[in-house]
Structures are given as structure tokens and as C-alpha cells.
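One structure is given here, and the rest of the page talks about it.
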Amino acid sequence: MVSPGPSAEGKKAWAAVKKISLEQLLRESGEEAYQEQYRCICSRIEAGELIPVKKSPLNGKKPALHLSYWLAEEAPDYEAELEELKFRIAPAIRTDYYLKHLKVYREEAVWVRMLNRYFCQREEGGEPVSVSLNERSFQIWGREKFLQREQGRKILAHCGVELAQLHVYGTTEPLAYYSHTRNVPQKVLILENKDTFYSMRRYLYGEGRRIFGTEIGTVIYGAGKGILRSFEDFRFCVEPHVNAPGNEILYFGDFDYEGIGIYERLAELFAGGVDRREIQPFVRAYEKMLEKAAVRGQDFLPETSENQNRNLSGLFFRYFADSVTGQMRRILESGKYIPQEIINITDFC
């Protein structure tokens, strides 16, 4: 019977990967005589490349061979990777993950080396200047989207590197706004939806001066929740007259859970910002929405989407009279909402 496995002396490191049949092994040896095939298989067993499946039956020939084997591959040599991780990686990069996952390191080493070069060069040049996420991504890896859309975040996680260590800042879409006047202080109105922004901009660009009796100096298109992402760059996205300290900031959007939630979150951001400013709902505009909705009847109003977040802080309602608040809550509780588009340019005067 054939030897059950490799000899104890001179064993190499092997990793079993799959099962293979004797028939396949014999087919690989071609037209050789059985005795030669037997010697070849025994040699591979001695080397540890093949491991007989002991429970498999013998083939009935002399000398006999098992009918099934584990096919093993020589374990890769990671000596070079170990030396690199231990002695040639910048202190900013943690190597503990890769030391435990050398196969992963071999696959990702090309990206890690680029990151390592960045940190090594930075140590020589001092504290870096902050740049945008995509700019830093290209600087390090030659791929501007590597951190944003590709495997850059995974590489950072494996290296134990926080994004802040790269000294980057995020970028948002520039705010679209129209200023009827540059005088300060002025009232600045942030609008949730594009149609209402266009209508009010057109109205102010024409002969209109007041919207619902309020003089508005600038209208800003907030793009729904996009205004929340743009908040941190608000000072850089608008001209000084729009961000003047004495300006009054108003917000007007859809009357639904999501629209109210955008206002409440934005109000929190402004209140907690550098200037700690108050932002109020444009009360008269919301009241006009309610008036027009009452004329059409509640059945005319569309249904609220089921996936809207219904957790509100109540800040929005503090600016309205109790009677108006009651009307608002009844609409929300009935599962209805009022889109901002219920009003148009004919309603502004």
C-alpha cells in the first residue's frame, strides 16, 4: 500500500486546496506504464503535494493506490512582505492587520506602498496643507476617485489610518442663488425645491419687491437635503452680502415630515455654527400653502410617502399660531402633505 503522507524530515509548508481523483492523476501522466505512474504519485505524496484520502478505496492493482487524494499547493513564502511590514513602513501606518493577513497584504501592497511613500515624504516636508478629498486621492494613488468610489477607504482601514490624517476636506455642489439687492442687512430665503426657486427668482428679477408682504433680498436653492451638506461651506459658497451677520435667514419647503425635518436640522446647524444664527420658517408662505390647500380640500392633497422620517423636534411649529399648528398637525396625521409647488408666481404679491 502506498505511504499515507509526506515524510517528517524536510517537509515544506503546504495548504490543501481541493480533492482530486486517481483517475485524473493517471490521465495527467499520459501514456506512461502503471509502474511509472505509481512511482510518480508516490513521489508527490512524499513531497507533501498529494495526501491520500484514507477512507477512499484502493484501485485493486499491485502496488495499490487510493482512489482519492487531497491536492495541496506549496504555501507562499511571505518573508519579503514580513520584512517590509516590520522595517520599511512609516509610523503613521499600523501594520498589525497585515501581519495577521499576509495574503491580503500581498494583494494590496501596491496601494499601501503609495500611501507609505506619501507619509514618508510628508515627514520630510512638515505639516501638509489641507486639500480636497479627490485632490489628495490623486496625489497619493494617481486616481482621483480612489478614496471616494474605489477601495481607498478599505486600504485606510487595513492600515489603521483615519481620513483626518490625510488632511482633506469634502466638497459640495455650489449653491445656486439670486440676489435682488446687495444691501445689508437683508432677508435671505432658502427654498427646498427648484421650481419655487425659479419662480421667485423670476418674480424678483421683474417688478416684484416683496413676496407675501416680506421684502426678500436673496433667494437660495437648497436642493432638498443638499442644503445640509452645503452648510459647512455656506460662507464660501455665497458672497459677503448674503452671509452678512445682520441678515435674517428664512426657510421654505414642502409641508411634510421630510421638509419640516430639513428645516429643523438646518436650524440646528445654524444655531451651532460659528456665528450661532437663527433660521426661521417663512411663516407667511406656509400659511399661504394652507389657505390654498383648504380651498381644494384635504382629499385633493397627495399621500405622504411611507419611508419619511416622522421624528420631529417641534421647533418648526413654535413659530406658528396655535390654530395654524392644529391645522398643520391634522394634515400630517391624516397621511397627507402639501408640496411647495401648490403656490406659484401669481400668489407672491
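Under the 4.5 Å side-chain criterion, counting only non-hydrogen atoms from C-beta, Leu25 is not in contact with Leu65. Residues Trp111 and Arg143 are in side-chain contact: their nearest non-hydrogen atoms beyond the backbone lie under 4.5 Å apart. A heavy-atom distance below 4.5 Å is found between the side chains of Ile45 and Ile41. When side chains are defined from C-beta on, Glu258 does not count as touching Ser305, because their heavy atoms never get closer than 4.5 Å. Side-chain contact between Asn134 and Lys145 is present, with heavy atoms from C-beta onward closer than 4.5 Å. The shortest side-chain heavy-atom distance between Pro281 and Tyr251 does not fall under the 4.5 Å cut-off. Taking 4.5 Å as the limit, every side-chain heavy atom of His158 sits out of range of all side-chain heavy atoms of Val112. Using a 4.5 Å heavy-atom threshold, the side chains of Glu23 and Asn59 count as separate.
At least one donor-acceptor pair closer than 3.5 Å links the side chain of Lys292 to the backbone N or O of Ile342. Side chain of Ser56 to backbone of His66: no donor-acceptor contact under 3.5 angstrom is found. Checking side-chain atoms of Ser199 against main-chain N and O of Asp195 turns up a donor-acceptor pair under 3.5 Å. A donor-acceptor contact shorter than 3.5 Å is absent between the side chain of Ser68 and the backbone of Ser21.
Take Glu291 and apply the side chain to side chain donor-acceptor pair (under 3.5 Å) test, not counting sequence neighbours, and it matches Arg284. Considering only residues two or more places apart in sequence or on other chains, Arg113 meets the salt bridge (charged side-chain N to carboxylate O under 4.0 Å, His left out) condition with Glu84.
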Quiz item: Stepwise, does the side-chain contact (heavy atoms from CB on, under 4.5 Å) test hold for Tyr69 with Arg44?
Solution: CA-CA 11 Å; Tyr69 298 83; Arg44 294 178 69 179; over 6 Å; no
Exercise. Output, in order, the C-alpha distance, side-chain angles, deciding distance and verdict of side-chain contact (heavy atoms from CB on, under 4.5 Å) for Leu147 and Leu166.
Key: CA-CA 11 Å; Leu147 279 171; Leu166 300 184; 3.9 Å; yes
Exercise. Please test Tyr98 against Glu81 for side chain to side chain donor-acceptor pair (under 3.5 Å), starting from the C-alpha separation and ending with a verdict.
Key: CA-CA 9 Å; Tyr98 285 125; Glu81 284 82 1; over 6 Å; no
Practice problem: For side-chain contact (heavy atoms from CB on, under 4.5 Å), just list the numbers for Thr95 and Lys86, CA-CA rounded to whole Å, side-chain angles, deciding distance to a tenth of an Å, and then say yes or no. | Solution: CA-CA 8 Å; Thr95 59; Lys86 289 178 179 179; over 6 Å; no
Practice problem: Take Tyr177 and Glu239 through the test side-chain contact (heavy atoms from CB on, under 4.5 Å) and record every step on the way to the result. | Solution: CA-CA 10 Å; Tyr177 66 93; Glu239 295 171 273; 3.0 Å; yes
Quiz item: After noting the C-alpha distance and the side-chain angles of Asn311 and Asn309, does the key distance pass the side chain to side chain donor-acceptor pair (under 3.5 Å) rule?
Solution: CA-CA 6 Å; Asn311 296 320; Asn309 185 351; 3.3 Å; yes
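For the residue pair Ala90 and Asn116, the shortest heavy atom distance occurs at N-OD1, 2.6 Å. The nearest pair of heavy atoms linking Arg310 to Glu306 is NH1-O, 3.4 Å. When all heavy atoms are compared, the tightest approach of Gln340 to Leu191 is NE2-CD2, 3.8 Å. Of all non-hydrogen atoms in Ile338 and Leu290, the two that sit nearest each other are CD1-CD2, 3.8 Å. Minimum interatomic distance between Glu135 and Tyr169 (heavy atoms only, all atoms of both residues): OE1-OH, 4.3 Å. Between His180 and Leu204, the shortest heavy-atom contact is ND1-O, 3.0 Å.
Relative ring orientation between Tyr34 and Tyr38 is described as tilted, the plane-to-plane angle lying within the 30° to 60° band. In this pair, Tyr286 and Phe252 present their aromatic rings perpendicular. The plane angle is above 60°, beyond the 30 to 60° band. Between Tyr263 and Phe316, the ring planes are perpendicular. Angles over 60° get that label, and only those under 30° would be called parallel.
Only one option out of Phe197, Tyr198, Phe348 pairs with Tyr203 in a ring-ring contact (aromatic ring centres under 6.0 Å, His included); it is Phe348.
Two different hydrophobic clusters hold Met114 and Phe138 under the rule that ILVMFWY side chains link at heavy-atom gaps under 4.5 Å. A continuous path of Ile, Leu, Val, Met, Phe, Trp and Tyr side chains, each step under 4.5 Å between heavy atoms, connects Val283 with Phe270, placing both in one hydrophobic cluster. Residues Leu115 and Val110 share a hydrophobic cluster, clusters being chains of Ile/Leu/Val/Met/Phe/Trp/Tyr side chains in contact below 4.5 Å. Tyr337 and Val324 are assigned to two separate hydrophobic clusters, defined by single-linkage of ILVMFWY side chains at heavy-atom distances under 4.5 Å.
Glu108 contributes atom CD, which lies 12.0 Å from atom NZ of Lys103 (distance to the nearest 0.5 angstrom). In this structure, the separation between CZ on Phe255 and OG1 on Thr304 is 9.0 Å, given to the nearest 0.5 Å. To the nearest 0.5 Å, atom CG of residue Leu312 and atom CZ of residue Arg265 are 14.0 Å apart. The CD1 atom of Ile93 sits 9.5 Å away from the CD atom of Gln165 when rounded to the nearest 0.5 Å. In this structure, Leu189 CG and Ile279 CD1 are separated by 9.0 Å, a value rounded to the nearest 0.5 Å. One distance of note links CZ of Arg136 with CG of Leu163; it measures 10.5 Å at 0.5 Å rounding.
Taking the ring centre of Tyr205 as origin, the terminal cationic atom of Arg202 falls outside the region bounded by 6.0 Å and 45° from the ring axis.
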Side-chain donor-acceptor pairs under 3.5 Å in residues 214-224, sequence neighbours left out?
residue : atom : partner : partner atom : Å
Thr218  : OG1  : Ser179  : OG           : 2.7
Thr218  : OG1  : Gln186  : OE1          : 2.6

